[in-house]
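Inspection log for the structure reproduced underneath, given as structure tokens.
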Amino acid sequence: MNYLMQIKNQKPLIHNITNTVVANFSANGLLAIGASPAMANAPEEAAEMASHADALVINIGTCTQDQVNAMIFAGKAANKKGIPVILDPVAIGATTFRTSAIKQILSKVDVLVIRGNAGEIAVLAGLDTEMKGADTLVDEIDSELAIHVAKKYRAVVIATGKTDTITDGDSLTQCKNGVAMLPNVTGTGCLLTAIVGAFSSICADIYDASVQAVCSYGVAAELAMEHTKGPGTFLPALLDELYDLSEEKVKAKANIRELTLKGE
Amino acid sequence: MNYLMQIKNQKPLIHNITNTVVANFSANGLLAIGASPAMANAPEEAAEMASHADALVINIGTCTQDQVNAMIFAGKAANKKGIPVILDPVAIGATTFRTSAIKQILSKVDVLVIRGNAGEIAVLAGLDTEMKGADTLVDEIDSELAIHVAKKYRAVVIATGKTDTITDGDSLTQCKNGVAMLPNVTGTGCLLTAIVGAFSSICADIYDASVQAVCSYGVAAELAMEHTKGPGTFLPALLDELYDLSEEKVKAKANIRELTLKGE
Amino acid sequence: MNYLMQIKNQKPLIHNITNTVVANFSANGLLAIGASPAMANAPEEAAEMASHADALVINIGTCTQDQVNAMIFAGKAANKKGIPVILDPVAIGATTFRTSAIKQILSKVDVLVIRGNAGEIAVLAGLDTEMKGADTLVDEIDSELAIHVAKKYRAVVIATGKTDTITDGDSLTQCKNGVAMLPNVTGTGCLLTAIVGAFSSICADIYDASVQAVCSYGVAAELAMEHTKGPGTFLPALLDELYDLSEEKVKAKANIRELTLKGE
């Protein structure tokens, strides 16, 4: 499927309940790829907005308990209508409130995709099981942990880092697209989560949508680096490249490897 | 009146109760044209801040009921002091809460200007009257609906789109300035609303202020396109051009048509 | 001390409880110099987040009473652990609520640095003493007022303006770095406050850290002006220059003057 063309044609409505730090950047990134963002955080309207959307993206970046409630209202409404729900567990583990927020959400909402950095996915793996040691070989642990989390929550897990890992528990893909500049700009992970929402909104194969979203975003970042002097100019360049991105450009630079899972 | 020069000279204080997605961009846009933005959303201070301002801009983009209350407190304080109030009914109709929020505000606050896209103005027309069919010729409908809304709320109505329509119910102006890139950047409509606030703060002729604000903003957008590779670079370019805008530049590119209203 | 190198090496965690207008810009500015921002405003987690941080930055830009409470929880937690607390009294004096918010915070939290513009520091001086007349020679008043505020709150005071004044009550430094474009971009003062937090997190000499932060930021702004057409392009240029800043670049352009305080 040509996701980028489909998104431009269908303009899916992506409902984001996200943090105040990245809301502007996420909305602009979604607009850039052709989706239609709705940023509606209020508990008063979250469920109704979600029920009209093509995907719901939940991000706990700056949330209060009121926001967690809004996320659960919206998540349940999305579940009822079969609208894909994507979760970004920002800084889970940093405070007990964040960990509790994610526990509440995951116990009440069926989430199709969880996108976090390697550390966040590791915390998620240990929510109610023992964490594995942190000092073993990172790449291996990432894959194992990601598979563990995917099975535990029956969700596609995207663990981003130098290498991005995407797994649904049965299959696993590694993507090496992207640039070292990404973590120097706030919200680049959150925007990827929102874009996964857009890709997931137009295709029932959520695993494939997740892989393509991650790869496309990484390619856009690589192209943006060509017009970048630092993180300040990287930001507008990334939006420009997302706007101008095409299936052809992505294919030309895609650096994806599907791994066979032994006996799983 | 040379609005741009007057704004630079007087630095009017524009109090914005706006959404978290666009607050930064609105503040930067107001600073760029020489106004002084105050972004004070808290119910605890909204009325006091509004009573010191030269214009109050209300935008329901991400509001909760608490925010609606703050807007009403501020609106009443502004009304009492004769400070112009500008309203942006973002995504009215998308949820019952949004429609209710706008109803509450319009029933309790005298609003001088309502700025929305064509769809929002259409919803506003139908708040308590029957909506006209949506499939008739759009430009014609826009004008009729805009006039209807202007008369209903005794306000200047600005309905933006490919052609922008400005009407106070008696006169109607169409403006064809602006660029197709504008809707690809979040908050460009909200920023126009804020700029209408700045123009309205320095001139008693709110209709003329509205026309000039819309035209000036469209011209700035056209100039910005010359330094733009996509929506990412359009954003800083727009701020640069607003900063550098002059009466002369606007006049050279103004594409405005005043329509005679039959029998009105 | 080479602050910039130390920050890049240590990646201090700077916890910001700041306003929604500038949160994105502050986070990006902190990332640019190599610090690790945490933007966690919720009363539910503010104290816990602060207790893990290397500095706490409090900014009342868009705060509600709930936010003030979160700031006090976080401030007390930081005080208990000896973590430096930096305060930005945005628009203090504009409303009684803001003045009250700052009074509450300063009465319950030990603040190491207060960063405001000249007007804000002047209001702070008059919180419970008589304000001095505003029409006397501004530069002189600034210094006297700044010293007064520093002694009153036993804090380093940074009063920014054409000339920046940094004083701990005993010593006073004037810095003339920076550019006239800075006040044309929202949040440039708030970002300086956040950067003072980063500098303060790696050195016990808070006065020296404050002077170096102010000077470094001003130099970055001067370098950014070379790639700037207006406030729109200044913003990404400033982030680029903060990212690329070095002790050598700062030393080459530093415009600092230490004043001897008579009889103090």
Side-chain angles (χ1 to χ4, degrees), chain B residues 8 11 13 15-53 61-62 64 66-67 70 74 77 220 223-224 226-228 232-245, chain C residues 18-29 39 41 59-70 90-102 104 117 119 180-191 224-225 227-240:
Chain B
K8 280 188 176 33
K11 298 184 193 303
L13 183 70
H15 179 201
N16 298 266
I17 306 185
T18 191
N19 67 77
T20 53
V21 183
V22 308
N24 181 275
F25 187 47
S26 292
N28 274 333
L30 286 169
L31 283 168
I33 62 163
S36 179
M39 322 304 283
N41 284 14
E44 290 92 335
E45 65 174 352
E48 187 179 352
M49 186 66 91
S51 69
H52 300 319
T62 53
T64 57
D66 266 7
Q67 283 291 297
L223 294 166
E226 295 168 20
H227 310 285
T228 292
T233 42
F234 178 68
L235 200 151
L238 180 58
L239 293 175
D240 281 359
E241 294 297 340
L242 287 169
Y243 180 73
D244 214 41
L245 204 61
Chain C
T18 191
N19 68 76
T20 53
V21 183
V22 308
N24 182 274
F25 188 47
S26 291
N28 274 333
M39 323 304 282
N41 284 13
N59 175 310
I60 64 156
T62 54
C63 75
T64 58
Q65 185 59 48
D66 266 7
Q67 284 291 297
V68 176
N69 296 343
V90 179
I92 183 175
T95 64
T96 48
F97 172 65
R98 276 172 199 250
T99 307
S100 152
I102 290 297
Q104 291 175 57
N117 62 37
M181 185 60 81
L182 281 165
N184 293 325
V185 176
T186 195
T188 49
C190 302
L191 173 51
M225 275 309 285
H227 310 285
T228 292
K229 288 187 221 161
T233 41
F234 178 69
L235 200 151
L238 180 58
L239 293 175
D240 282 359

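Just so it is clear, the model here is predicted, and its values are computed rather than measured. Each chain gets a letter, A, B and so on, in the order the sequences are listed, and its residues count up from 1. As a basis for the values below, the full set of heavy atoms in this structure was taken, side chains included, without hydrogen atoms, waters or symmetry mates.
For C:T233, the side chain to side chain donor-acceptor pair (under 3.5 Å) test picks out B:D240, with sequence neighbours left out. Partners of B:E45 under the side chain to side chain donor-acceptor pair (under 3.5 Å) rule, at least two apart in sequence or in another chain, are C:T95, C:R98.
Of all non-hydrogen atoms in B:A42 and C:T64, the two that sit nearest each other are CB-CG2, 3.8 Å. Closest approach of C:Q65 and B:E44 over heavy atoms only: N-OE2, 2.9 Å. The two residues B:Y243 and C:G230 have their closest heavy-atom pair at CD2-CA, 4.2 Å. For the pair B:M49 and C:A94, the tightest heavy-atom approach, listed with the atom from each and the gap, is CE-CB, 4.0 Å.
Of the two parts of C:T96, the backbone and the side chain both hold a non-hydrogen atom closer than 4.5 Å to a non-hydrogen atom of chain B. Proximity to chain C (any heavy atom under 4.5 Å) is shown, for B:A40, by both the backbone and the side chain.
Note that the OG1 atom of C:T20 and the CG atom of B:N41 stand 6.0 Å from one another [nearest 0.5 Å]. Atom CG of B:L239 and atom CG of C:N184 lie 11.0 Å apart (nearest 0.5 Å).
Side-chain contact between C:V185 and B:L31 is absent, with no heavy-atom pair separated by less than 4.5 Å. A heavy-atom distance below 4.5 Å is found between the side chains of B:N28 and C:L235.
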